[in-house]
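In the text below, chain A, chain B and the rest are named by the order of the sequence lines, each starting its count at 1.
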Amino acid sequence: MSENPTAPGLPGDDEPGRRRIGVYICHCGGNISDYVDVARVRAAIADDPDVMVAETTLFACADGQQHTMVHDIQNQHLDGLVVASCSPKLHTTTFRGVSRRADLNPYAYTQVNIREQDSWAHTDDHEGATERAIALVKAGIAKTRLSTPLSPLRVETVPATMVVGGGVTGLRTAIGLADIGLSVIVVEREAELGGWLGRLGPTFPHDTPGRDQIAGLVAQIAQRPTITVLTDAELVGKTGSFGNYTAKVHVRGETTDELRQFQVGTFVIATGADVYSPEVGELGYGIDGVVTLHEFGTLVDEATGGALTWHGRRVRSIAYVYCVGNRQAEGNAYCSKFCCAATVHASIKVSKVDPSIRQFHLHRDVRAYGRYELLYTESRERGSVYLRYPDDAPPAIEQSADGRLAVTLVDALTGPDELTIPVDLVVLVTGMVPRQNEALTSLLKLPTGDDGFYNEIHPKLRPVETVVDGVMIAGACQGPKPANEAVSGGLAAVTQSAGILKRGFAELDPLVATVNEAACTGCGECLTTCPYDAISAYPCDTGQKALVSAANCKGCGGCVPVCPEDAIDLLGYTSAQMLAAIDGLADREPVA
Amino acid sequence: MSDHGGSGEPTPRILVFSTNNISDPGIDLAGSRHLHYPATVSVLAMPCSSGIKPSWILHALQAGQDGVFIASDGEECAYLPDCAERTAHLVTVTQGLMAEQGLEPQRLKMAAVCSVCAEPFAKYMREFAAALSTLGPRPVTAG
C-alpha cells in the first residue's frame with residue numbers, strides 16, 4: 001500500500017489501491033457483548049476508508065447471518081472479510097466457506113478472536129476488553145488490507161486407508177471403507193483379530209455373543225478382496241505428506257520378521273482401550289470370591305446346569321460394586337459409560353441361569369442411559385436390588401470366618417447406619433483405561449487428553465479428526481464407550497476418509513514460504529535451514545537464487561528470519577502484514 | 001501504557017506471539033476458563049515461533065508495546081525439532097538489537113506455553129505486566 005490515506009473514499013468509490021472490506025462483529029449471544037461494547041467496536045472501525053460494511057451480529061456463524069455476508073460480499077463487491085468472533089479453531093472453515101460461496105478468495109478473510117482471547121479473559125474489565133477488541137479488529141483489518149488472493153495447493157491422494165487395530169471398531173471401519181471403494185490395510189498387533197469384544201459371550205443389548213459379532217465381521221472381510229489384514233503387525237513408520245503417506249508395518253512371522261510398506265491416503269486409529277485392573281486390596285480384590293466384571297462375565301457365560309458356581313461352590317448371592325477405578329477423585333476421573341449397562345445385563349444373564357440368586361447392585365448412580373434403561377427395569381423386575389452408596393464412602397469388603405464375603409456400606413435411603421450384606425461373590429465393576437501405546441502415539445504425534453485417551457479436534461463438530469492431518473481416531477482409543485458408539489465413530493471416520501480421498505486430490509492451505517526473487521542474493525543461508533528440504537537453489541545470471549517447493553513446505557516460516565536480506569515471506573503472515581497488524585494493535589497509521 | 005487496569009495505575013501493553021497449533025489453543029483455554037490477565041495483552045498467532053522476525057519485535061516496541069512475549073511451542077513443535085533453540089536464538093539476536101536502541105532486554109520474554117497451559121499463561125501475563133511496570137515506561141518512543 002503506497003497510497004496516501006487522505007480523504008476517506010465514499011462507499012462505491014473505486015479509488016485505486018483501496019480495499020473493500022466487510023467487518024462483522026459478533027455478540028456471540030452475550031458471550032462477547034456482555035463484556036465488550038460491540039457497538040463501540042463497530043463505530044471505531046466504521047470510518048476506515050477500506051471498510052465498506054461494518055456490522056454487529058448476534059451470531060456471526062448463524063445460517064441467516066452467513067447468507068447476509070454472502071449477499072453483502074456480492075452486492076457491495078467486497079474484496080476482504082473480517083469476522084471478529086470466537087477462536088479461529090472453531091469457525092475458520094465456516095467463514096472460508098462463506099467467502100467461497102460469495103466468490104471471494106478465502107485467504108482475503110481474517111478471523112479475529114475477541115471471545116477466548118478477549119471477552120472471556122477480561123470479564124472483570126469491560127472497558128479494557130472493549131479497547132482490546134477495537135485494537136484486535138484494527139489489526140485484523142490491517143492484515144486483510146494487505147492480503148493477496150491465494151489458491152489452495154492441490155495434491156494427489158491415494159485411495160487407500162490404513163486401519164490400526166482389529167477390534168470391532170477397526171473391522172467394521174475396514175468393511176465400510178472397502179464398500180465405499182477404498183483399499184484397506186488392517187494392522188492388528190495381536191495374533192488374533194477381535195479385540196476385547198471377540199472374547200465376550202452374550203453382550204448387551206441384544207444378547208448376541210461378542211465373539212459371534214466378530215466372526216461375522218471377519219467373514220465379511222474375507223469376502224472383500226480390497227481389504228488386507230495383517231496380524232502380529234505394528235505400524236512403525238509414517239512418512240510423506242497429506243493424502244499420500246508411506247506407512248511401514250512390522251509383521252512378525254514365525255521365523256522371520258518382515259518390514260512391509262504401503263501407500264495410504266489416511267489412517268484410522270482404532271486401538272481400543274484396556275480394562276481397569278484393580279490393585280490387590282482395592283475393595284477386597286485379591287480375596288477369594290472378589291472378581292472383576294470381566295472375570296465375572298466369563299464365569300456367567302460358562303455356567304451350566306442351571307447353577308452358577310465359584311471354585312466348585314454354588315453361588316447364591318452376589319454384590320456388584322460399581323465405579324471401581326472410575327469417577328475417582330484421585331486417579332481416573334472419567335466415567336467408562338459401558339459398565340453400568342454391562343453389569344445390569346450381566347445380572348439379567350445370572351437370573352436366567354439361576355433365578356434364585358440374590359443380587360445387590362451397590363452403585364453411585366446407574367448410568368444405564370437411553371434404551372439401556374429397559375435393561376435396568378428388567379433387572380429390577382427379576383429381583384435385583386439397587387443400593388446407592390455415597391461418593392466418598394465406597395463399600396468395605398471383608399472375608400468372614402465361614403469363608404463367605406461381607407459387604408458393608410451406608411445405603412443412601414436407609415443410612416446413616418451401616419448395612420452389612422453377606423454374599424458368595426463380589427463383582428468389582430471395572431471400567432476402561434487407555435491402552436499403553438506410546439510407540440504409536442509418538443510416531444503419529446497423536447494428542448492425548450488428561451485422561452490418557454486420544455483427543456479429537458472438537459467433540460461435537462469434528463469428532464473423529466485429530467490435529468494430525470489425515471489421521472482419524474475412532475472407538476475406545478478416544479474414550480470409554482460401548483461397542484455401538486465405538487462403531488459409529490468408525491463409520492464417521494469412513495465418511496471422513498472418503499471425503500478426503502474419493503475426489504482423488506486434496507486442497508491444502510497455500511500458506512507457504514516464498515522467495516522474493518529480486519531481493520534474493522543467493523547467499524545460501526536458507527538452504528540448510530529447512531528440515532523438509534523445501535528450499536533449493538537454482539542457477540541464474542548472478543550465481544544462484546533460492547526457491548521454495550510449495551509441495552514440500554510445511555508453512556512453519558522457520559526460514560523467514562534466517563534470510564539476511566529479508567527476501568523470504570510466509571504467505572498469510574508476510575512482513576508487511578505482521579507490521580501492519582502490529583500498527584493496528586497500536587491504533588496508529590502504518591509507519592512508512 | 002494504558003490507563004485501563006482498574007487500579008488507576010497504567011498497565012503495560014504486551015504483545016504476545018502465539019503459535020496456531022500449540023500455544024494459541026492454550027491461550028484460548030485461559031479465556032474459556034475465564035482466567036483473568038491484563039486486558040492490555042494482545043495476541044498475534046503464527047504457525048511457529050521460529051518464524052518471528054526480530055524486526056517485528058523492535059517495531060512492536062516502537063509502536064507502543066511495553067513488552068513482547070513469545071509463547072513458544074517448547075519441545076512440542078510439530079514443524080521443527082529444534083524450534084526451542086531457533087526461537088531462543090531469535091530472542092538473543094533481538095535483545096542485542098534492542099540494547100542498541102536503549103531498550104532493556106527484560107522487555108522481551110519467551111516461555112513455552114502448551115495447548116492446555118491456561119493457568120501458566122495467565123500467570124506469565126500477570127507477572128510480565130508487573131515486571132514491566134517496575135521497569136517503567138519505554139526509554140525510547142518513536143512515531
Side-chain angles (χ1 to χ4, degrees), chain A residues 86-90 113 115-133 135-136 139 143 445 447 449-450 455 467-468 511 513 529-532 554-563 566 568 570 572-573 575 578-579 581-589 591, chain B residues 2-6 11 13 15-18 20-21 24-25 27-57 59-60 62-65 76-83 86 89-90 93 115-116 122 125 142-143:
Chain A
C86 51
S87 165
K89 276 88 207 156
L90 295 170
N113 183 352
R115 194 178 72 172
E116 284 83 349
Q117 293 186 1
D118 188 17
S119 69
W120 279 353
H122 311 309
T123 53
D124 57 339
D125 182 3
H126 296 198
E127 179 60 29
T130 301
E131 288 197 1
R132 189 58 21 217
L136 290 169
K143 241 186 128 186
K445 298 192 170 70
D450 289 342
N455 265 0
V467 291
V468 190
L511 306 179
T529 193
C530 178
Y532 303 103
K554 304 284 181 201
C556 67
C559 54
V560 170
V562 171
C563 176
D566 269 352
I568 309 180
L570 183 63
Y573 304 88
S575 261
M578 295 306 289
L579 294 175
I582 290 166
D583 285 330
L585 290 175
D587 192 12
R588 67 176 206 176
E589 288 302 317
V591 179
Chain B
S2 164
D3 285 331
H4 300 288
T11 312
R13 304 222 286 187
L15 172 64
V16 177
F17 285 104
S18 67
N20 288 335
N21 295 323
D24 206 58
I27 298 169
D28 278 355
L29 193 60
S32 299
R33 291 191 186 162
H34 293 214
L35 302 179
H36 292 157
Y37 53 85
T40 47
V41 172
S42 310
V43 182
L44 289 180
M46 303 276 304
C48 169
S49 56
S50 308
I52 300 167
K53 278 193 188 176
S55 57
W56 301 349
I57 295 169
H59 186 82
Q62 287 157 1
Q65 303 292 340
E76 286 186 72
C77 179
Y79 297 108
L80 300 167
D82 58 345
C83 174
R86 286 179 188 234
H89 174 70
L90 291 173
V93 169
S115 57
V116 291
M125 288 305 105

Practice task
Verify side-chain contact (heavy atoms from CB on, under 4.5 Å) between A:Q117 and B:V41, making sure each step is shown before the conclusion.
Solution key: CA-CA 9 Å; A:Q117 293 186 1; B:V41 172; over 6 Å; no
Exercise for the section: Could you walk me through whether B:H59 and A:D583 pass the side-chain contact (heavy atoms from CB on, under 4.5 Å) test, one step at a time? Expected result: CA-CA 9 Å; B:H59 186 82; A:D583 285 330; 2.9 Å; yes
Handout entry: Considering all heavy atoms, the nearest B:W56-A:I582 contact
Key = O-CD1, 3.6 Å
Problem - Choice from A:C559, A:A121, A:P88, A:G557 maximising heavy atom contacts with chain B below 4.5 Å - result: A:A121
Problem - Heavy-atom closest pair, residues B:A39 and A:G128 - result: CB-C, 3.6 Å
Practice task
Tell me, out of A:S87, A:G558, A:A513, A:P561, who's got the most heavy-atom pairs with chain B below 4.5 Å.
Solution key: A:P561
Problem - Note, A:D124 side chain near B:H34 side chain (heavy atom, < 4.5 Å) - result: no
Handout entry: Gap separating the NZ atom of B:K53 from the CG atom of A:D566, nearest 0.5 angstrom
Key = 3.5 Å
Handout entry: chain A contact via B:N21 - which portion, at a heavy-atom distance below 4.5 Å
Key = neither
Problem - Engaged part of A:K89 at the chain B interface, taking heavy atoms whose separation is under 4.5 Å - result: side chain
Problem - A:T529 side, atom OG1; B:L80 side, atom CG - distance, nearest 0.5 Å - result: 7.5 Å
Problem - Toward chain B, the part of A:S575 with a non-hydrogen atom under 4.5 Å - result: both
Completion exercise
Per-residue tally against chain A (heavy atom, under 4.5 Å) across B:L44, B:L90, B:D82, B:V93 peaks at B:L44
Handout entry: Nearest heavy-atom neighbours spanning A:L579 and B:S55
Key = CD2-O, 4.4 Å
Problem - Side-chain donor or acceptor of A:H122 paired with backbone N/O of B:Y37 under 3.5 Å - result: yes
Handout entry: Interchain contact, A:L511 with chain B, by part (heavy-atom threshold 4.5 Å)
Key = neither
Practice task
Using distance alone, with no hydrogens and no angle criterion, decide if A:R132 and B:T40 have a side-chain donor and acceptor under 3.5 Å apart.
Solution key: no
Exercise for the section: Let me know if B:P54 has heavy atoms under 4.5 Å from chain A in its side chain, its backbone, both or neither. Expected result: side chain
Fill in the blank from the handout: So CG of A:L90 and CG of B:D28: to nearest 0.5 Å the spacing works out to 7.5 Å
Problem - Max heavy-atom pair count under 4.5 Å with chain A, selected residue of B:V116, B:L29, B:N20, B:L15 - result: B:N20
Handout entry: Part of A:L570 lying under 4.5 Å from any heavy atom of chain B
Key = side chain
Exercise for the section: Output, in order, the C-alpha distance, side-chain angles, deciding distance and verdict of side-chain contact (heavy atoms from CB on, under 4.5 Å) for A:W120 and B:H36. Expected result: CA-CA 8 Å; A:W120 279 353; B:H36 292 157; over 6 Å; no
Problem - Residue B:A122 versus chain A: region with a heavy atom under 4.5 Å - result: neither
Handout entry: Top contributor to chain A interface from B:G51, B:S32, B:A45 [non-hydrogen pairs under 4.5 Å]
Key = B:G51
Exercise for the section: Determine, stepwise, if the pair A:N113 / B:I27 fulfils side-chain contact (heavy atoms from CB on, under 4.5 Å). Expected result: CA-CA 11 Å; A:N113 183 352; B:I27 298 169; over 6 Å; no
